[in-house]
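Whatever order the structure lists them in is the order used to number ligands and atoms, beginning at 1.
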Amino acid sequence: MTEFIPAAKPLIGQDEREAVDRVLQSGMVAQGPEVAAFEREFAQHFVGGRPTVAVNSGTAGLHLGLLAAGVGPGDEVIVPSFTFAATANSVALTGATPVFADIEPDTFTLDARAVEAAVTERTKGILPVHLYGHPARMKELGEIATARGLSLFEDAAQAHGAALDGQAVGTFGSMTMFSLYPTKNMTSGEGGMVVVRDDETARRVRLLRNQGMERQYENELIGFNARMTDIHAAIGRVQLTKVDGWTEKRRQNASFLDANLRGVVVPPVVDGARHVYHQYTIRVEEGRDGFVQALRDEYAIGSGVYYPIPNHQLPSLQQFAPGVELPETQRAAREVVSLPVHPSLSQADLERIVVAVNTLAKAGS
Ligand SMILES: *Cc1c(COP(=O)(O)O)cnc(C)c1O
């Protein structure tokens, strides 16, 4: 029986287990010194030491980060519809309105012209997503933000270590979120990091994370409990020492697929972009769902469709987009398939993927 190749595979080793055990043995498991160390190390590793606050999920990070940046009722924030629902959910949870703009067909990220067209008097900010690990058009979006007096945020949930013209994602916007969910490029079990520019905003995120308290029982504002535990931080700290090697392996796997796949559209990378391949996403222009099924049933290869329903058409979010049509978003939702690209693939796995995709693409054309 051929072994099934999964679409994603979190890598948790002996050293992560030992780190967790160390925290458990200490008897102090809630937010403490491991979280503080993880924040410092993460900030040094990815964003040049900018103020960074750990929270218990990426979604909580976006929500609290937007609140700390002053987003609230009456505001609009421009987001892509072609993303995980957490992006627009976080905007809606602040009381602001998510406004959906279309994507570029090549990078699957926000189209700057569509963003420009969506700006109104109520627009407070732009929240691009570095989808699949490819950086969004930060230069063009930054110019629009500057010209219109808007904030630029980043959803870097899928993009640890991605960069544009040598500049790391997380250093373009005034607030960036990274997710640490198990299928992301690194994990803490669950978790998120919020990166901001100044200590005052970081302090507001910290207050919101902990019931509005800096000093115990002197609550300054109404906050959440979005604290990360030391157990999770201990996992994340170990993962941080491995993530660069994994990213290199993802990039090598992607190069092999780029060079060998035939008859499908492989993921384009714009000039100057460093893609970290959270997903390796191809387009199958006809019969995508049958393709996914055949990969699984005939070739024992897992794949994923991220995302089959655009946010502006979801039952939960369509209230913000009555009558909205986003042609490139809707086409991408029909055509995309993400193939396995994770670091535990062997050369034999990669070759099996190539044979399967090329055979199915030929049969379908
Ligand atoms: C995973 C993800 C999130 C949410 O992160 P969680 O840690 O799962 O809450 C937000 N945006 C995007 C694009 C994601 O992929």
Would you check if the side chain of Tyr132 reaches a backbone N or O of Tyr306 as a donor-acceptor pair within less than 3.5 Å?
yes

Enumerate the side-chain hydrogen bond (donor to acceptor under 3.5 Å, both in side chains) contacts for residues 346-361, please, sequence neighbours excluded, ordered by first and then second residue.
Ser346-Asp349, Gln347-Glu351

Quick one: list whatever passes side chain to side chain contact (heavy atoms under 4.5 Å, CB included) with Asp106, sequence neighbours left out.
Glu104, Arg137, Pro268, Val270

May I have a table of the N/O to N/O pairs between ligand 1 and the protein that fall below 3.5 Å, each row giving the two atom names and the distance to 0.1 Å?
{"from": "ligand 1", "atom 1": "5 (O)", "to": "Ser179", "atom 2": "OG", "distance (Å)": "3.3"}
{"from": "ligand 1", "atom 1": "7 (O)", "to": "Gly58", "atom 2": "N", "distance (Å)": "2.8"}
{"from": "ligand 1", "atom 1": "7 (O)", "to": "Ser179", "atom 2": "OG", "distance (Å)": "2.7"}
{"from": "ligand 1", "atom 1": "9 (O)", "to": "Gly58", "atom 2": "N", "distance (Å)": "3.3"}
{"from": "ligand 1", "atom 1": "9 (O)", "to": "Thr59", "atom 2": "N", "distance (Å)": "2.8"}
{"from": "ligand 1", "atom 1": "9 (O)", "to": "Thr59", "atom 2": "OG1", "distance (Å)": "2.6"}
{"from": "ligand 1", "atom 1": "11 (N)", "to": "Asp155", "atom 2": "OD1", "distance (Å)": "3.4"}
{"from": "ligand 1", "atom 1": "11 (N)", "to": "Asp155", "atom 2": "OD2", "distance (Å)": "2.8"}
{"from": "ligand 1", "atom 1": "15 (O)", "to": "Gln158", "atom 2": "NE2", "distance (Å)": "2.8"}
{"from": "ligand 1", "atom 1": "15 (O)", "to": "Lys184", "atom 2": "NZ", "distance (Å)": "3.0"}

Non-neighbouring partners of Val292 that pass side chain to side chain contact (heavy atoms under 4.5 Å, CB included), sequence neighbours left out
Arg288, Ser303, Val305, Val337

Using a 3.5 Å distance criterion without hydrogens, assess whether the side chain of His160 forms a donor-acceptor pair with backbone atoms of Ser179.
yes

Taking 4.0 angstrom as the limit, do Arg203 and Glu220 come out as a salt bridge?
yes

